[in-house]
**Student:** 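I am attaching a structure below and will ask some questions about it afterwards.
The basis for the numbers below is simple: all heavy atoms, side chains too, and nothing from hydrogens, waters or symmetry mates.
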Amino acid sequence: MNAKRNAERLERLKARYDWDRWPGGPTGGELRGVRVGADLLPEWRLEHVDEVRAEGRPPLQHALFTRDRDAALSVEVWECDSTVAARVLLLELLDEFESPLVVRATGAAAVGDVAFVHGEHMALFAHGNLVVRVGNAGRELVAVDGPAREIAARLARPAGN
């Protein structure tokens with residue numbers, strides 16, 4: 001019964017977020033062993049990275065980056081087993097938002113393979129088998145589209161480049 005409810009929930013989420021209109025394949029390919037480090041956002045200072053394992057979820061790296069005393073970004077990166085698994089996780093994370101203002105990203109905010117935003121202050125996107133969430137974590141609200149683009153570009157580069 002639980003599996004049936006989960007399947008029905010997933011189908012509702014797919015309909016709500018236009019799953020059938022998402023681009024067909026990954027633009028970045030599948031990435032393995034991604035390590036969140038200071039080079040992910042070189043204009044910001046990496047304060048710490050925590051690795052989190054939660055039952056039923058892929059491994060998560062949660063990082064805090066600061067620019068100054070008041071500006072901070074939370075960056076979360078999940079490494080899924082496949083592109084499809086990443087997109088399903090993206091749907092599950094979208095379901096955790098209580099705001100109707102989370103929308104499919106377009107223009108400069110459209111990073112990765114498929115992306116969603118909450119105004120200028122949160123971006124959630126799939127990039128191959130990775131899911132990335134970038135959000136404000138400081139007193140000063142900063143637009144996250146630039147940092148999200150930087151992260152997506154750095155993830156698209158082969159290791160060592």
Side-chain angles (χ1 to χ4, degrees), residues 1-14 16-17 19 22-23 25-67 71-99 102 104-105 109 111-118 121-139 142 144-145 147-161:
M1 182 67 173
N2 196 21
K4 182 180 178 185
R5 275 186 287 172
N6 284 340
E8 290 169 352
R9 178 178 152 267
L10 184 60
E11 289 307 311
R12 279 193 307 276
L13 289 169
K14 284 180 176 181
R16 178 178 176 189
Y17 292 106
W19 172 278
W22 292 10
T27 57
E30 293 190 359
L31 303 167
R32 302 289 173 213
V34 170
R35 306 299 309 155
V36 173
D39 61 331
L40 196 60
L41 284 174
E43 302 294 319
W44 293 71
R45 183 175 56 249
L46 176 63
E47 298 295 338
H48 63 83
V49 178
D50 297 316
E51 295 190 21
V52 180
R53 299 242 180 217
E55 191 170 330
R57 286 271 168 96
L60 162 67
Q61 294 177 69
H62 179 232
L64 181 67
F65 289 87
T66 57
R67 184 177 63 196
L73 292 176
S74 168
V75 176
E76 297 167 292
V77 179
W78 288 266
E79 185 176 317
C80 301
D81 290 334
S82 67
T83 298
V84 172
R87 290 171 178 225
V88 169
L89 177 62
L90 182 67
L91 282 176
E92 291 172 356
L93 293 169
L94 285 167
D95 194 35
E96 293 176 2
F97 286 96
E98 295 181 13
S99 173
V102 175
R104 177 97 181 265
V111 298
D113 302 326
V114 62
F116 290 82
V117 294
H118 184 273
H121 307 298
M122 188 283 305
L124 176 66
F125 63 93
H127 179 86
N129 63 308
L130 303 178
V131 176
V132 179
R133 180 167 45 197
V134 182
N136 277 269
R139 288 184 278 198
V142 296
V144 300
D145 60 328
R149 275 193 312 279
E150 179 73 19
I151 291 168
R154 291 197 178 273
L155 293 173
R157 290 185 203 134
N161 290 330

**Student:** Taking atom OG of S82 and atom CG of N129, what is their separation to the nearest 0.5 Å?
**Tutor:**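 S82 atom OG to N129 atom CG measures 7.5 Å (nearest 0.5 Å).
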**Student:** I want to check something: taking the side chain as every heavy atom from C-beta on, are P58 and L89 in contact at a cut-off of under 4.5 Å?
**Tutor:**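 P58 reaches L89 side chain to side chain.
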**Student:** Quick one: pull up CG in L64 and NE2 in H48 and give me the separation to the nearest 0.5 Å.
**Tutor:**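 That separation rounds to 4.5 Å.
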**Student:** Run the salt bridge (charged side-chain N to carboxylate O under 4.0 Å, His left out) test against R12 and tell me which residues pass, sequence neighbours left out.
**Tutor:**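 For R12, no residue satisfies salt bridge (charged side-chain N to carboxylate O under 4.0 Å, His left out) once neighbours in sequence are set aside.
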**Student:** Classify the ring geometry of F125 against H127: parallel below 30°, tilted from 30° to 60°, perpendicular beyond 60°.
**Tutor:**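 Correct class here is perpendicular.
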**Student:** Which heavy atom of A38 sits nearest to which heavy atom of L46, and what is that distance?
**Tutor:**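 A38 and L46 have their closest heavy atoms at N-CD2, 3.5 Å.
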**Student:** Kindly write out the residues that satisfy side-chain contact (heavy atoms from CB on, under 4.5 Å) with L41, not counting sequence neighbours, or none if the list is empty.
**Tutor:**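 Only W44, F65, L73, V75, P147, E150, I151 meet the side-chain contact (heavy atoms from CB on, under 4.5 Å) criterion with L41.
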**Student:** To the nearest 0.5 Å, what is the distance between CG (L155) and CG (L40)?
**Tutor:**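 Here the interatomic distance stands at 6.0 Å.
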**Student:** Kindly indicate whether the side chain of V88, heavy atoms from C-beta on, has any atom under 4.5 Å from the side chain of W19.
**Tutor:**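 A side-chain contact exists here, since the closest heavy-atom pair is under 4.5 Å.
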**Student:** Apply side-chain contact (heavy atoms from CB on, under 4.5 Å) to residues L13 and L94 and explain how you reach the verdict.
**Tutor:** CA-CA 8 Å; L13 289 169; L94 285 167; 5.8 Å; no
**Student:** Taking only residues two or more places apart in sequence, or in another chain, which ones meet H121 in a side-chain hydrogen bond (donor to acceptor under 3.5 Å, both in side chains)?
**Tutor:**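 With neighbours one apart ignored, the set is empty.
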**Student:** In the structure I gave you, are the side-chain heavy atoms of W78 and L90 within less than 4.5 Å of one another anywhere?
**Tutor:**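 They are not in side-chain contact.
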**Student:** Who pairs with R57 by salt bridge (charged side-chain N to carboxylate O under 4.0 Å, His left out), at least two apart in sequence or on another chain?
**Tutor:**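 Listed in chain order: E92, E96.
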**Student:** For R104, what residues pass the salt bridge (charged side-chain N to carboxylate O under 4.0 Å, His left out) criterion, not counting sequence neighbours?
**Tutor:**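 Once residues adjacent in sequence are excluded, R104 has no partner under the salt bridge (charged side-chain N to carboxylate O under 4.0 Å, His left out) criterion.
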**Student:** For H62, give me all partners under side-chain contact (heavy atoms from CB on, under 4.5 Å), at least two apart in sequence or on another chain.
**Tutor:**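 Scan of H62 (side-chain contact (heavy atoms from CB on, under 4.5 Å), adjacent residues dropped) gives S74, E76.
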**Student:** Would you say that L60 contacts E51 through its side chain, given a criterion of any heavy-atom pair below 4.5 Å between the two side chains?
**Tutor:**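 L60 vs E51: side chains apart.
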**Student:** Okay, side chain of Q61, backbone of V36: is any donor-acceptor separation there less than 3.5 Å?
**Tutor:**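 A pair under 3.5 Å: yes.
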**Student:** List the residues meeting salt bridge (charged side-chain N to carboxylate O under 4.0 Å, His left out) with D50, not counting sequence neighbours, and say none if there are none.
**Tutor:**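 Result, salt bridge (charged side-chain N to carboxylate O under 4.0 Å, His left out) vs D50: none returned.
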**Student:** side-chain hydrogen bond (donor to acceptor under 3.5 Å, both in side chains) with R16: which residues, sequence neighbours excluded?
**Tutor:**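 side-chain hydrogen bond (donor to acceptor under 3.5 Å, both in side chains) list for R16, sorted by chain: empty.
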**Student:** Identify the two heavy atoms, one from L124 and one from R133, that lie closest to each other, and give their separation to 0.1 Å.
**Tutor:**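 Minimum heavy-atom contact is CD1-CB, 3.8 Å.
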**Student:** Of all residues at least two apart in sequence or in a different chain, which pass the side-chain hydrogen bond (donor to acceptor under 3.5 Å, both in side chains) check with E43?
**Tutor:**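 E43 satisfies side-chain hydrogen bond (donor to acceptor under 3.5 Å, both in side chains) with no other residue.
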**Student:** Any sub-3.5 Å donor-acceptor pair from N136's side-chain atoms to V142's backbone N or O?
**Tutor:**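 Answer holds: yes.
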**Student:** Check whether D113 reaches the backbone of G128 with its side chain - one donor and one acceptor, N or O, closer than 3.5 Å.
**Tutor:**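 It does hold such a pair.
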**Student:** Restricting to ring-ring contact (aromatic ring centres under 6.0 Å, His included), what partner residues turn up for Y17, sequence neighbours left out?
**Tutor:**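 Partners of Y17 by the ring-ring contact (aromatic ring centres under 6.0 Å, His included) criterion, ordered by chain and then number, come out as F116.
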**Student:** Would you please name every residue forming a side-chain contact (heavy atoms from CB on, under 4.5 Å) with A105, sequence neighbours left out?
**Tutor:**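 A105: side-chain contact (heavy atoms from CB on, under 4.5 Å) contacts with A109, A110, A115, V117.
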**Student:** With sequence neighbours excluded, tell me which residues meet side-chain contact (heavy atoms from CB on, under 4.5 Å) with R53.
**Tutor:**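 Partners of R53 under the side-chain contact (heavy atoms from CB on, under 4.5 Å) test: P59.
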**Student:** State, to 0.1 Å, how close A148 and A123 come at their nearest heavy-atom pair, and which atoms those are.
**Tutor:**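 Closest approach of A148 to A123: CB-CB, 4.1 Å.
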**Student:** What do you reckon, is CG of D95 surrounded by more than 12 foreign heavy atoms closer than 6.0 Å?
**Tutor:**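 Enclosed: over 12 neighbouring heavy atoms sit under 6.0 Å from CG of D95.
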**Student:** Less than 4.0 angstrom from a charged side-chain N to a carboxylate O is my criterion; do E11 and K14 meet it?
**Tutor:**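 Between K14 and E11 there is a salt bridge, with a charged N closer than 4.0 Å to a carboxylate O.
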**Student:** Before giving the answer on side-chain contact (heavy atoms from CB on, under 4.5 Å), spell out for R87 and L91 the whole-Å C-alpha distance, their side-chain angles and the decisive distance to 0.1 Å.
**Tutor:** CA-CA 6 Å; R87 290 171 178 225; L91 282 176; over 6 Å; no
**Student:** Please report the interatomic distance CZ(R149) to CZ(R154), rounded to the nearest 0.5 Å.
**Tutor:**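 R149 CZ to R154 CZ: 13.5 Å, rounded to 0.5 Å.
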